[in-house]
Amino acid sequence: QVQLVESGGGLVQAGGSLRLSCAASGSIFSIKAMGWYRQAPGKQRELVAIITSGGSTAYADSVKGRFTISRDNAINMAYLQMNSLKLEDTAVYYCNALIISTSDYALLNYWGQGTQVTVSS
C-alpha cells in the first residue's frame, strides 16, 4: 500500500503565503515524479507544478514566479511554497506521485486526499 498525505492548507489573505507538504509512505520502491494539482469549485482539476526525481520542474503559467515546488527524496516528501496568493488560487490542492511500489513493481499514479486552500480579500 502507498499513501500520499497532504498538509499545510488553510485560510490566508490575498498577498500572503502558505506552504503545502506531501508525505509519501508505504511500500515504495521508487518515486519518479511528484506534483501538485488543484480543483476549484465548478472547475476541472488542473496541474499546478511537477518535479521529477532529478529535480526538473514545470509550472502552470498562472503560478509561475509565485509558487515553488521542491522535494526531499530522502524522506519521500514534496512541498509547494505559495507566495503572493490571489483569490483565484482558492481550491482544493492535491498531491500526485508516480510511484513504483515494492508490492508488484508496477509504475502507478497515486493521489492524496486533498487540502483546502482559501484565499480571502
Ignoring hydrogens and geometry, is there a side-chain-to-backbone donor-acceptor pair from [X] to [Y] under 3.5 Å?
X   : Y    : result
R71 : T52  : yes
E46 : R38  : no
N96 : Y110 : yes

Just verifying a value: how many Å separate [X] [atom1] and [Y] [atom2], rounded to the nearest 0.5 Å?
X   : Y    : atom1 : atom2 : value
I31 : N73  : CD1   : CG    : 7.5 Å
Q81 : I69  : CD    : CD1   : 12.0 Å
S27 : Y105 : OG    : OH    : 9.5 Å
L98 : S30  : CG    : OG    : 10.0 Å
T68 : Y79  : OG1   : OH    : 14.5 Å

Identify the heavy atoms of [X] and [Y] that sit nearest to each other, and give their distance.
X    : Y   : result
G112 : Y94 : O-CD2, 3.7 Å
S17  : N83 : OG-OD1, 2.9 Å
A49  : L80 : CB-CD1, 4.3 Å
C95  : E6  : N-OE2, 2.7 Å
S101 : V2  : CB-CG2, 4.0 Å
D89  : R66 : OD2-NH1, 2.7 Å

Would you say [Y] ends up clustered with [X] if hydrophobic residues are merged whenever their side chains have heavy atoms under 4.5 Å apart, either directly or through other cluster members?
X   : Y   : value
Y37 : L85 : no
V5  : M34 : no
L87 : L18 : yes
Y93 : I51 : yes
V92 : V63 : no

Using side-chain heavy atoms (C-beta onward) and a distance below 4.5 Å, is [X] in contact with [Y]?
X    : Y    : value
M77  : S21  : yes
I100 : K32  : yes
T90  : Q116 : yes
L20  : M82  : yes

Q) Looking at I99, D104, T102, L107, which one forms a side-chain contact (heavy atoms from CB on, under 4.5 Å) with F29? A)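 It is T102, the one option of I99, D104, T102, L107 that forms the side-chain contact (heavy atoms from CB on, under 4.5 Å) with F29.
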
Q. Take atom CD in Q39; do more than 12 heavy atoms of anything else shown fall under 6.0 Å from it?
A.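 Yes, CD of Q39 has more than 12 neighbouring heavy atoms, counting only those of other groups under 6.0 Å.
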
Q | E88 atom CD, over 12 foreign heavy atoms within 6.0 Å | A |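 Atom CD in E88 is packed in, count exceeds 12.
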
Q | Ring centers of Y59, F67 separated by less than 6.0 Å | A |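 Not under 6.0 Å, so no.
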
(Q) Tell me whether D61 is salt-bridged to K64, with the criterion being a basic N under 4.0 Å from an acidic carboxylate O. (A)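 Here D61 pairs with K64 in a salt bridge, since their nearest N and O are under 4.0 Å apart.
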
